[in-house]
Amino acid sequence: MSNQTNVQVQRIRAIGLTVTNCDRSLNLYTQALNFKLVSDITVAGEDYSELQSVTGAKIRIVTLQLGDELIKLMEYLNVKRKPIPSDSQSNDLWFQHMAIVVSDMDPAFAQVRSFAIEFISVAPQTIPPENEASGGVRAFKFKDPDGHDLELIWFPPDKGQDKWHQNSVDAFAERLVEKRLVGRHRLFLGIDHSAIAISNTEQSLHFYRDLLGMQIDSRSLNWRATQTRLDNLPGAEVRITALGPVQDGVGIELLDYLVPGKGRPIPSDWKSCDIAHMQIELVVNNLEQLVDKLQQNGVEFVSPRIVQFSDRSFPYKQGCLIKDPDGHAILLILE
């Protein structure tokens, strides 16, 4: 029993998102947001099909890096894909964004808006000082070419992880080598968290905290005009619970909308190949034991089994795709 309680998420390895066309998405992520290309592979076969529960899947996977963090653009080359609903709102339960940390909001915003993006926020917003957990934080939400939700976020000196406030010697040395990136390289620093809309905070805490072993970092209530302008939702009031894994790094924020209330649920027929699909890769210390624990607790599985990978081009040994209580995709992996 003591071993069972120690099964937990160690860190978030990457955030994956299904895209219509990798080349189109690369333009925004590398040119507007300064991500760097890590790898570009195409995978196929029974293992990948079972992992994602998409029959006969052939997937182009482009891995990008910003700071210490990774994202994966996943393009299904041979499967018909549903688009993200064009009328999506921040309180719809399929809402999920990546928070990209910037060192200076105004030039970062100016660079991003020079590309063809769709705004969610009317402009960058500053959280009021009476909000103890996030007062002084500046944020701006927008969409990528497929409609995935993204956020630029700037932390004042007393907020955020220490690394967002450090002047990196490595980054300075790299800028000397890559002079063409001077002035841009340090503007976009990395990914702080992925935020997901949920229907019930306690239900989600049972999943992420009690079953996966993540820890609560902070709680806050964001509301009034600032949140309305940030989310483009009239009267927006949202309870936010920030969670972190055992090791520092990317976290998960639970967004429980009190006003205007919960949006639409994730349709049960949406698949990994549909464009709304995003998956958070969680590195765990004992996958078999955790899967057994999750099965006993009635968690929904996408993968029919733990998939073993012998392909050296894939960065982990085992994987299993599951869903959280609201249907957000979580890829459990063993490195």
Side-chain angles (χ1 to χ4, degrees), residues 9 12-26 29 38-64 70-85 93-98 144 146-149 194 196 207 212 250 252 265-284 287-288 290-291 294-295 299-335:
V9 173
I12 293 176
R13 186 186 182 278
I15 298 171
L17 51 158
T18 300
V19 300
T20 304
N21 182 289
C22 280
D23 292 329
R24 182 179 70 166
S25 296
L26 272 168
Y29 285 96
V38 175
S39 64
D40 185 345
I41 63 173
T42 298
V43 299
E46 185 179 343
D47 289 345
Y48 306 102
S49 294
E50 286 204 345
L51 182 71
Q52 301 290 347
S53 191
V54 177
T55 304
K58 183 178 181 182
I59 316 167
R60 179 183 175 190
I61 302 175
V62 176
T63 301
L64 302 174
L70 300 173
I71 68 169
K72 292 182 176 180
L73 308 177
M74 302 180 297
E75 178 185 350
Y76 285 75
L77 301 174
N78 61 340
V79 181
K80 188 175 180 180
R81 299 149 294 182
K82 298 189 193 76
I84 297 174
L93 296 182
W94 58 77
F95 176 88
Q96 178 168 355
H97 80 225
M98 291 186 292
D144 79 358
D146 283 308
H148 297 112
D149 302 290
S194 182
I196 57 176
F207 176 81
L212 297 184
V250 183
I252 295 175
I266 297 177
S268 59
D269 64 344
W270 281 9
K271 297 183 178 297
S272 303
C273 56
D274 292 325
I275 305 303
H277 178 82
M278 293 182 71
Q279 62 188 37
I280 301 176
E281 292 186 5
L282 301 182
V283 178
V284 301
L287 185 54
E288 290 186 3
L290 181 56
V291 163
L294 297 175
Q295 287 173 334
V299 169
E300 181 179 354
F301 280 70
V302 178
S303 307
R305 62 181 176 89
I306 295 176
V307 177
Q308 310 279 341
F309 290 98
S310 56
D311 186 348
R312 291 187 178 181
S313 67
F314 229 61
Y316 37 83
K317 299 174 183 175
Q318 299 178 333
C320 188
L321 189 64
I322 63 172
K323 291 185 177 181
D324 79 356
D326 290 300
H328 297 284
I330 300 294
L331 180 58
L332 304 174
I333 61 173
L334 185 68
E335 290 185 312

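Each residue takes its place number in the sequence, starting with 1.
Judged purely by distance below 3.5 Å, without hydrogens or angles, the side chains of Q279 and S272 never pair a donor atom with an acceptor atom.
The closest donor-acceptor contact from the side chain of R60 to the backbone of C22 lies at 3.5 Å or more, if one exists at all. Checked by atom type and distance alone, the side chain of D146 never pairs as donor or acceptor with a backbone atom of V19 at under 3.5 Å. Not one N or O on the side chain of D324 forms a donor-acceptor pair closer than 3.5 Å with the backbone of A329. Of the possible polar contacts, one joining the D274 side chain to the K82 backbone as a donor-acceptor pair under 3.5 Å is found. With T18 contributing its side chain and I275 its backbone, the two residues share no donor-acceptor pair below 3.5 Å. Distance alone, capped at 3.5 Å, is enough to place a donor-acceptor pair between the S49 side chain and the V54 backbone.
With values rounded to the nearest 0.5 angstrom, L64 atom CG is found 5.0 Å from L73 atom CG.
Looking at R24 and D144, no side-chain N of the basic residue comes within less than 4.0 Å of a carboxylate O on the acidic one, giving no salt bridge. Comment: R305 engages D47 in a salt bridge, judged by a side-chain N to carboxylate O separation of less than 4.0 angstrom.
You'll find the side chain of E288 reaches within 4.5 Å of the side chain of Q318, heavy atoms only. The closest side-chain heavy-atom distance from M74 to L17 is not below 4.5 Å.
Note on ring orientation: taking the six-membered ring where Trp is involved, the planes of Y316 and F309 are perpendicular (angle over 60°, cut-offs 30° and 60°).
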